[in-house]
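First up is the structure itself, then whatever we jot down about it.
We name chains A, B, ... by the order of the sequence lines, and we start the count at 1 in each one.
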Amino acid sequence: MRPLKVKMMQYNHQEIEKKWQEFWAENQTFKASNSSHLPKYYVLDMFPYPSGAGLHVGHPLGYIASDIYARYKRHKGFNVLHPQGYDSFGLPAEQYAIQTGQHPAQTTEENIKTYRKQLDKIGFSFDWDREVRTSNPEYYKWTQWIFIQLFNSWYNKDSNKAEDISTLISLFEKQGNANINAVCDENILPFSAEEWHQFSDSKKQAVLLQYRLTFLSDTEVNWCPALGTVLANDEIINGVSERGGHPVIRKKMTQWSMRISAYAQRLLDGLSTIDWPQPLKDSQTNWIGRSQGAMVSFKVIEPTTINHQPKTIEVFTTRPDTIFGVSFMTLAPEHELVSKITTDEQKAAVENYIEATAKRSERERMADVKTISGVFTGAYAEHPFTKKPIPIWIGDYVLAGYGTGAVMAVPCGDQRDYDFAKQFGIEIPNIFENVDISEAAHADKEGTVIANSDFLSGLSYKKALQKAIEVLEENGFGYGKVNYRLRDAVFSRQRYWGEPFPVYYKDGMPQMIDEKYLPIVLPEVEKYLPTEDGKPPLGNAEVWAWCTKTNSIVDNSKIDNATVFPLELNTMPGWAGSSWYFNRYMDAKNPTEFASKEALNYWKEVDLYIGGSEHATGHLLYARFWQKFLFDRGFVPVDEFAKKLINQGMILGTSAFVYRLIIECILDDKTTENKEIFISEATYKEIKKFNELSIEKNIDEDILSNINSDKEYLKDEIESTLIEVLALENKILEKININFSEIQNIHADVSLVNSSEELDVHRFKEWRKDFENGIFLSNQLGWTENNHSYTVGREVEKMSKSKYNVVNPDDIVAEYGADALRLFEMFLGPLEQTKPWKTSGISGVYSFLKKLWKLYFNGDQFEVSDENPTSEELKTLHKTIKKVEEDIENFSFNTSVSTFMIAVNELTALQCNKRSILEPLLILLSPYAPHITEELWSKLGHTNSISTAEFPKFEPKYLVESTKIYPISFNGKMRFTIELSLDLSKEEIEKAVMSNEKTIVQLEGKTPKNVIIVPGKIVNIVG
RNA sequence: GCUGAAGUGGUGGAAUUGGUAGACACGCUGGACUUAAAAUCCAGUGAGCAGUAAUGUUCGUGCGGGUUCAAGUCCCGCCUUCAGUACCA
């Protein structure tokens, strides 16, 4: 047996952390109660997806910050809700299932176990009793339930909120739809009350679907025929699928959508009521994209020969003041009127163009801004005021999905219209006073005066805008309108691993399954791929039909479309489950409601939400939308779910590099052999410089000859090393050839590098067998086998497996402990900032913990004294209390770690071992380093967890100073300091300073022009 | 292009209202302990110049201006990096 020489009372993080983690679990220390006389505080982390790769040190950053805050709030007397769970539906598990056949539920379960193990090691104060998983039927039952509520709701613009669909039906019954102010589909045909009564059931359903907050619609999607699925924009690269490189086309498909556009204005307005980061608010504002302008109708001029129905083109414009500058119109190629108005002569050209654009993905179309393309339809529209004919073009710079998919082109005022007009030789009338438009369009609004515009001439932008809308409305040519960029959100996915819809189809119309039969549980399938005829994976399920008699899921063979109907084959998208989970945590196990009224009214909303900024326009917008909907319908008490939000920054990896040159060696027997030489970063940079300079032309003769001599020197050094190396193999080197331009940098695993940036060459060669015969040269070009060390190069990059820079928190916890990890993650820098990880820095916080530990010991003996503290000890304690409290309130966790270090350094210097100092110090530190503080707390004789202790109270009296060390500046430059009493008046200070001999020396006999004195701060003598 | 954030020693960063720039760490250098290494402890550490030294002095917070007794901090104009977004009519 190995003799144990570990002293009993050394800081043993492994033992301590295990002990307290078990203690917290057994005693349910962090269980939150739904009824308490204490004020509530709800701290939440953004929902993690349990990926197979597990956590790296970047992931827990936000969790540590929120945990510190949660623990702090407990010390401050709050009843804290700090839950955690998993957004466990998702693509990776499904992809894995497709590859291996393993059920996604199984991989998800395994991944969650790994995640939980990793999280537990870091000592978080989560209330695990409230854990939720989106893929758990007990949970998604309520996701389905919310979907049904959305289906059964419409948006009443008069009351400005969502209402039950029954209120809409009763309006239809009384008055038809003519005067209903609702958010609904476009192109709804008007009907009267009598007509409504005469509609068939399915006709009524079809009409209602146009008003429901979740509805079926034909939406353009990116369809990949080879993969049999719809792809998201980010899964397509250069028009082909990211996976496999298959072509992607745009195709109309019937999909569930969410009428989020109904909430556009309220989502915008709500931003001013919540404390979220400005950049995040800005990107939501941007995404919602409110613009104010007018709708204008243009009549299509019909060829006289054919008796067509009159057609109009509706356009949205933010510049109705420029209406007299319109010289053409452009429709999106997908615009429904295109086929109806195109003349026979232009038909072929138009069809070709449409086909060509359909092949391009939307993303590609948007990325390619430079190419101007379009085709004339042959048709003309009539200008509402001048009655002049305006040519109608189609062009792919007009997007079908925004506004009406058509624009009135004003080339003098819009650069895209200008470019289009130039390209196709369309006239560019100038409607601005004294503005030159021969080179570019004039888009400025301020200070512009309209000209050549009939009743608008001579008006400023603002006045013209108002007047234009007025006249449009008077004549019935248009009306003022607010438009939003925000589009309704597609809610269907052709995937297996997601929430099934509680929907079956009767006569092609969707029917909701009654709430009492939820959840509709995901069926088993043989294969997780789409079916051969292109149906989503659920099309493979054999038992996936709804029996309206038994109200249960039955075998597909029983489908008769009389009592047994097919169920929906799509599943819900990833954001469904995460749009309301924060409410479920309030009452996570409730089987009869998504959360009880009592729980919802007690916890109300999240007080602090921490997560990444990548969710700015996805999750965080959808969740706000659902919350507002649930609020409208009276299911939740507040309409914003998170009061305060903080985006934590990303932690980047510090990659390590080795630099390889391949040298051709010619031996004395004329055979050649290639040797791999690894040179240091310094040499690599030099060679890079050679390479860059040699590309440059007109290079200075001197520099060139310098480079050449440097190259020769390097070559000689390498050659002499190679002679030695080859001699060991009994070979004689005659000559070497080096191609400097073929130098390569290669990632080395960061775990093979020590804190002095030296590579463990031996282990590196074991790790990369292909470099086994590589020769490593040090900075001085010496050979590493001769006791030289090899220094790696460093670069900051995203953490990723392929860059070998991933650091696993488990390894850090094993070596330094969770407390050190927590402190170090906070110590790295401001929470919101992106910052690089470098493991070597952790030794600083680790030795801090050891120093802290030592304060409580005399040798091996735990020993604190009950003596009264000195004023200096009290000063250290109280300035620490003040700073740490301020820092936590400001989420400035990095600076409080420094504060702790300063406190421990000072107390060590004072040899302080007073209980009255050391006990409160532990409470201050416990949110950051909960394990070591629990251990010392219990050694101090406490039997309760430190997490319940009251936060120490700051007493300003201990910080009162009687003197100040004044910095004395001359012309703003600090020269020396003088210690003076703080009681002195300005005059007394001036007297003391001016009579000081150092001042006299500085002044060299001159009389100062001015002496600035700020008592308690500074003295500045101006000469 | 637009929007946002940020540029401070060799490195991460600190300086909360304009008032001693570089706290606290990492790294590095030197020393103590050790057979040795690790660990630990002590001292030094922005750059330049002068001096054996104590010390003195100049420069210094991306660049150029400005306001002020005093600017990392405020104002004007640029540059660079990162992130998000992208023909939005």
Distance check, [atom1] atoms only: [N] and [M], in whole angstrom units.
N: B:U58; M: B:A71; atom1: P; value: 15 Å
N: B:C41; M: B:G56; atom1: C1'; value: 33 Å
N: B:A14; M: B:G7; atom1: C1'; value: 16 Å
N: B:G62; M: B:U80; atom1: C1'; value: 7 Å
N: B:U73; M: B:U61; atom1: C1'; value: 10 Å
N: B:C33; M: B:G9; atom1: C1'; value: 32 Å
N: B:A86; M: B:A15; atom1: C1'; value: 39 Å
N: B:U29; M: B:G18; atom1: C1'; value: 38 Å

Legend entry - Duplex segments of RNA chain B, taken as runs of at least three Watson-Crick or G-U pairs that stay under 3.5 Å: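 RNA chain B forms these stems: B:1-7 with B:79-85, B:10-12 with B:24-26, B:27-32 with B:40-45, B:46-50 with B:55-59, B:62-66 with B:74-78.
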Legend entry - Most 5' of A:Gly829 and A:Trp287 on RNA chain B, judged by nearest nucleotide: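 Nearer the 5' end of the strand: A:Gly829.
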Legend entry - 5′-ward residue of the pair A:Gly841/A:Val1014 relative to RNA chain B: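 In this pair, the answer is A:Val1014.
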Between [options], which nucleotide has the shortest distance from any of its atoms to the side chain of [X]?
X: A:Asn905; options: B:G13, B:A86, B:A25; result: B:A25
X: A:Leu828; options: B:G19, B:U40, B:G12; result: B:G12
X: A:Pro836; options: B:U40, B:C88, B:G12; result: B:G12
X: A:Thr977; options: B:U20, B:A25, B:A23; result: B:U20
X: A:Ser840; options: B:A86, B:C69, B:C26; result: B:C26
X: A:Arg975; options: B:U3, B:U58, B:C26; result: B:U58
X: A:Pro830; options: B:A86, B:G13, B:U20; result: B:G13
X: A:Lys851; options: B:A25, B:A14, B:A89; result: B:A25
X: A:Arg487; options: B:C88, B:C24, B:G27; result: B:C88
X: A:Asn1020; options: B:C88, B:G19, B:A21; result: B:G19

Inset, instruction - Could you classify B:G7 for me, syn or anti, using a glycosidic angle within 90° of 0 as syn? - result: anti
For [N], does either OP1 or OP2 sit under 4.0 Å from a side-chain N or O belonging to [X]?
X: A:Ser283; N: B:U85; result: no
X: A:Asn894; N: B:A14; result: yes
X: A:Ser843; N: B:A25; result: no
X: A:Gln278; N: B:G4; result: no
X: A:Lys838; N: B:C26; result: no

Base, sugar-phosphate, or nothing: which does [X] touch, judged by heavy atoms less than 4.0 Å apart?
X: A:Ser969; value: nothing
X: A:Phe848; value: nothing
X: A:Lys973; value: sugar-phosphate
X: A:Asn971; value: nothing
X: A:Thr318; value: sugar-phosphate
X: A:Val1022; value: sugar-phosphate
X: A:Lys850; value: sugar-phosphate
X: A:Ile842; value: nothing
X: A:Gln1002; value: sugar-phosphate
X: A:Thr617; value: nothing
X: A:Thr899; value: nothing

Legend entry - Any donor-acceptor N or O pair under 3.5 Å, side chains A:Glu886, A:Asn890: no
Legend entry - Option passing side chain to side chain donor-acceptor pair (under 3.5 Å) with A:Asp419 (candidates A:Gln415, A:Lys422, A:Arg416, A:Gln423): A:Gln415
How long is the line joining [atom1] of [X] and [atom2] of [N], in whole Å?
X: A:Ile902; N: B:A15; atom1: CD1; atom2: P; result: 11 Å
X: A:Asp282; N: B:C2; atom1: CG; atom2: C1'; result: 12 Å
X: A:Leu271; N: B:U3; atom1: CG; atom2: P; result: 19 Å
X: A:Leu280; N: B:G4; atom1: CG; atom2: P; result: 14 Å
X: A:Asp760; N: B:A37; atom1: CG; atom2: P; result: 19 Å

Inset, instruction - Look at the rings of A:Phe893 and A:Phe891 and say which category their plane angle falls in: under 30° parallel, 30 to 60° tilted, over 60° perpendicular. - result: perpendicular
State, with a plain yes or no, whether a side-chain heavy atom of [X] is found less than 4.5 Å away from one of [Y].
X: A:His383; Y: A:Ile323; result: yes
X: A:Ile450; Y: A:Tyr461; result: no
X: A:His442; Y: A:Thr448; result: yes
X: A:Val884; Y: A:Phe900; result: yes
X: A:Tyr397; Y: A:Asp417; result: yes

I'd like a table of atom pairs between the protein and nucleotides 16-18 of chain B - only N or O on both sides, under 3.5 Å - with the distance next to each one.
residue	atom	partner	partner atom	Å
B:U16	N3	A:Glu886	OE1	3.4
B:U16	O4	A:Lys883	NZ	2.5

Inset, instruction - Verify the ring-centre separation between A:Phe657 and A:Tyr684: is it less than 6.0 angstrom? - result: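 Between A:Tyr684 and A:Phe657, the centre distance exceeds or equals 6.0 Å.
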Inset, instruction - State yes or no: are the ring centers of A:Trp287 and A:Tyr484 separated by less than 6.0 Å? - result: no
Inset, instruction - Verify, without hydrogens or angle tests, whether A:Thr654 (side chain) and A:Trp837 (backbone) share a donor-acceptor contact under 3.5 angstrom. - result: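 Checked: pair present.
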Inset, instruction - Assess whether atom NZ of A:Lys882 is packed by more than 12 heavy atoms of other residues, nucleotides or ligands within 6.0 Å. - result: no
Review item, side-chain donor-acceptor pairs of residues 967-974 of chain A, under 3.5 Å, at least two apart:
residue	atom	partner	partner atom	Å
A:Asn971	OD1	A:Gly1023	N	3.0

